[in-house]
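Notes for the one structure printed next.
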Number of protein chains: 2
Amino acid sequence: MPEETTGEPRWLDADQQVQWRRYIEGASRLSEALARWHDDHLSVSLSEYEVLVRLSESPGHSMRMSRLADGLAYSRSRVTHTVRRLEAKGFVARSEAEGDRRGIECTLTPNGFETLEQEAPIHVEGVRRYMVDALDDAELESLGRAMASIARACREDE
Amino acid sequence: MPEETTGEPRWLDADQQVQWRRYIEGASRLSEALARWHDDHLSVSLSEYEVLVRLSESPGHSMRMSRLADGLAYSRSRVTHTVRRLEAKGFVARSEAEGDRRGIECTLTPNGFETLEQEAPIHVEGVRRYMVDALDDAELESLGRAMASIARACREDE
DNA sequence: GAGAAGTAGTTGAATGTTCAATCAAAGCGT
DNA sequence: ACGCTTTGATTGAACATTCAACTACTTCTC
């Protein structure tokens, strides 16, 4: 609607608008549905769960705070806070990293690992219900590709 | 990894895992990038902006709080808080709805409309930069379709 | 038309995330 | 060795969103 003469304010065409709004609505509904799912059925939130998964995939069930932050694309302080909550629940433990006295190593406790094993299928059930099973293979594949491109565009820009 | 005998805990195969993680990373980076974009270049956050857009599209630049909530898939209290902030910035005004004394009508002020007109191209530039321009037409199209399916799956489930 | 149930909206506390400030340790340049 | 910059991590305040509780009005039902 606004007309301009300076710059080149490339508008969105009708179709692009539609896709953008679909994205916004879908993303917000999905994140809400998944958050509720975790809240109702698991003992950790989605972001806490992601931390546990990364730890479980790492040798020794252990990772540096900063690697956790980088791998999950979380801010450092978010990791600090999240790990503090997980520690309070008894699912992880902190220890000093050897070789770098600034570093903190975060390790899955046996209890944390056991909880993860028990609850992973429930998490997956949520992911299926709200995303994977809502799409056929080709749709899921192209969704993933598109999101990877978006992630790249965001990353490039700092 | 965990083996089970009860229920039918359908795991994710390797490819589904990849797409899921791409989605999670992309979605979180995109929402963060766009939030920063608004914060740096516009006078309203993304959710505040969405409210202004809906109002501007409505006859009389005016909508009931509950229609705003439903249309944006926001909780009612989120709309209350968001509109309060917009009111404090002078972009919207509240008035009683006629015909239903419980209702509140939310209306764009001239200043709010003018701001929206000025800043919409900047918002669009962000959407382009982090999403639309990162994809070709076909990718955008299938992203939108997938997200619409996801939204439907979430909505159906309450 | 009275009581029950539902709808519109607000409120304030709790939660999780970000941001800016801070601190300590490492690395770098000279 | 000495400052300078960078990195690893934490802290606490600020902020947005949710949740539960609540008020006020409307609609339904008998």
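Letters A, B, ... mirror the listed sequences (proteins, then strands); counts begin at 1. Because the structure is a prediction, the values reported are computed rather than measured. These numbers come from the heavy atoms of this one structure, side chains and all, not from hydrogens, waters or symmetry mates.
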Identify the pairs formed between an N or O of the protein and an N or O of nucleotides 19-21 of chain C at a distance under 3.5 Å, and give each distance.
residue: dC19(C); atom: N4; partner: S77(A); partner atom: OG; Å: 2.7

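- What separates CG of D70(A) from C1' of dG8(D) is a distance of 11 Å, to the nearest Å.
- For the atom pair OG of S45(A) and CG of D39(A), the computed distance is 8.5 Å after rounding to the nearest 0.5 Å.
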Short heteroatom pairs, N/O only, protein and nucleotides 3-7 of chain D, under 3.5 Å:
residue: dT7(D); atom: O2; partner: R102(A); partner atom: NH1; Å: 2.8

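- E96(A) and R101(A) are not joined by a salt bridge, as no carboxylate oxygen comes within less than 4.0 angstrom of a charged side-chain nitrogen.
- A salt bridge links R129(A) with E125(A); the closest basic N to acidic carboxylate O contact falls under 4.0 Å.
- With sequence neighbours excluded, the residues satisfying salt bridge (charged side-chain N to carboxylate O under 4.0 Å, His left out) with R128(A) are D133(A).
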Could you list the donor-acceptor pairs under 3.5 angstrom formed by side chains in residues 76-83 of chain B, with sequence neighbours left out?
residue: T80(B); atom: OG1; partner: R76(B); partner atom: O; Å: 3.3
residue: H81(B); atom: ND1; partner: R84(B); partner atom: NH2; Å: 2.6
residue: T82(B); atom: OG1; partner: R78(B); partner atom: O; Å: 2.7

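- Within residues 90-101 of chain B, the residues having any heavy atom closer than 4.0 Å to DNA chain D are, in order of number, D100(B), R101(B).
- Residue Y74(A) contributes atom OH, which lies 19 Å from atom C1' of dG8(D) at whole-angstrom precision.
- Rounding to whole angstrom units, CG of residue L34(B) and P of dT17(C) are separated by 19 Å.
- Rounded to whole Å, the distance from CD1 on I104(B) to C1' on dT7(C) is 14 Å.
- Residue pairs meeting the salt bridge (Lys or Arg N to Asp or Glu O under 4.0 Å) criterion with at least one member in residues 57-69 of chain A, sequence neighbours excluded, are E57(A)-R21(B), R64(A)-D100(A).
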Under 3.5 Å between N/O atoms: give me all the protein pairs with nucleotides 1-4 of chain C, atom names plus distance.
none

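- Legend: residues meeting side chain to side chain contact (heavy atoms under 4.5 Å, CB included) with A27(A), ordered by chain and number and at least two apart, are Y23(A), Y23(B), M147(B).
- Atom-to-atom, NE2 of H38(A) to C1' of dC19(D) comes out at 19 Å; the value is rounded to the nearest Å.
- Legend: residues meeting salt bridge (charged side-chain N to carboxylate O under 4.0 Å, His left out) with R152(A), ordered by chain and number and at least two apart, are absent.
- For residues 43-69 of chain B, proximity to DNA chain C is found at R64(B), M65(B), S66(B), defined as any non-hydrogen atom under 4.0 angstrom from a strand atom.
- Judged by distance alone, with hydrogens and angles left aside, the side-chain atoms of T109(A) form a donor-acceptor pair with the main-chain N or O of G90(A) at under 3.5 Å.
- In this view, E32(A) and R36(A) satisfy the salt bridge (charged side-chain N to carboxylate O under 4.0 Å, His left out) rule, not counting sequence neighbours.
- The side-chain contact (heavy atoms from CB on, under 4.5 Å) with H123(B) is formed by just one residue from the set V44(B), L46(B), V53(B), L34(B); it is L46(B).
- With sequence neighbours excluded, the residues forming a salt bridge (charged side-chain N to carboxylate O under 4.0 Å, His left out) with E25(B) are R155(A), R29(B), listed by chain and number.
- For S95(A) and E105(A), the side-chain atoms include no donor-acceptor pair closer than 3.5 Å.
- Q19(B) and D15(B) form a side-chain donor-acceptor contact under 3.5 Å, judged by distance and modelled atom types alone.
- Side chains of S43(A) and E119(A): a donor on one and an acceptor on the other come within 3.5 Å.
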